[in-house]
Amino acid sequence: MKIGCHISIAGGIDNSVVRAVELGCNTMQIFSKNASTWREKILKKGEVESFRESLKNSNINPVFIHTSYLVNLASPSDVLYFKSINAFLGEMKRADLLLPDPYLIIHPGAHTGAGEEYGIQRIIRALNIILEESADLGLKTMILLEDTAGSGTHLGYTFKQLKRMMEGAKDRKSIGICFDTCHAFAAGYDLSNKEGVEQTLEELDKGLGLERLRVVHLNDSKYPLGSRRDRHMHIGKGYIGLEGFKVLVNHKYLKDLPFILETPKHDEKDDLKNINLVKSLIQGTVLCVNNNFKY
Ligand SMILES: [Zn+2]
Ligand SMILES: [Zn+2]
């Protein structure tokens, strides 16, 4: 199985590999810059080489890069819209530099009051500008659209919306899907029991195609089904619960995909506890695991 979590790049991108190995990850997700500023990051040659080298010497593969939260490809403001497109292209270039098989995950965007239809069209246009530019530059990064919780005016909270975005893109082979369990549950897809998981994954397959699914963000939800609130929780400690995760991680549609945890990090042992818990769910030994989280 492929399991890892979102790893900090504090002190340099190359430090992330060491941290991931220590946690027993064989896949991981990182930001390639400070995710909450617009400031671009120029990667130093030495930093890139050392990152690629440590990655090659580890068993961590694939690596996913998550886009900065400021990027909004649905923004009705032209200034923010084009700033977002440029920032996204910057993310793609960094992903290409850093990774042999680059994947870049993005929340599709928020229409901020301009309406869902407007927002979806805006995202499609942005994707096409980005895909054209990235083809010109010869970039090989695959864009993964992530399902959202649908909080505020965020789009991509139904498989139907994600499907429209994918279908609107002229070069569909460069676009895939990242499935976040907390977001899906908060958006109204029940993942807390076997029937709910089956129904959701069938819907995902019919709507988006399983072959498009490249990674699962494995997070429990702090808020109930359909709450449209995006707050992640430790595995088994939220409303999805252990029963749901047991079905999810062993499901034939998901079990061979990379699982990335983005669970809370209140204590430095939290990631390790969550990772070990997920591993134990797969081995079916859940009762032996100590998951006394502080939260
Ligand atoms: Zn995300
Ligand atoms: Zn989330």
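Remember, it's 1-based here, ligands and their atoms both numbered in the order they're listed.
- When only modelled atom types and interatomic distance are considered, His111 and Glu116 share no side-chain donor-acceptor pair under 3.5 Å.
- Restricting Glu146 to its N/O/S atoms, the shortest distance to the Zn ion (ligand 1) is reached by OE1.
- The aromatic ring centroids of His6 and His232 lie 6.0 Å or more from each other.
- Between His232 atom NE2 and His183 atom NE2, the angle centred on the Zn ion (ligand 2) amounts to 120° (nearest 10°).
- Its side chain within the 4.5 Å cluster rule, Tyr69 clusters with Phe31 among the Ile, Leu, Val, Met, Phe, Trp and Tyr residues.
- Taking backbone and side chain together, His107 holds an N, O or S atom under 2.8 Å from the Zn ion (ligand 1).
- Counting backbone and side-chain atoms alike, Asp230 contributes an N/O/S atom closer than 2.8 Å to the Zn ion (ligand 2).
- Taking the ring centroids of Tyr189 and Phe159, they lie under the 6.0 Å cut-off.
- Within the 2.8 Å limit, Glu262 places no N, O or S atom next to the Zn ion (ligand 1).
- With sequence neighbours excluded, no residue satisfies ring-ring contact (aromatic ring centres under 6.0 Å, His included) with Phe179.
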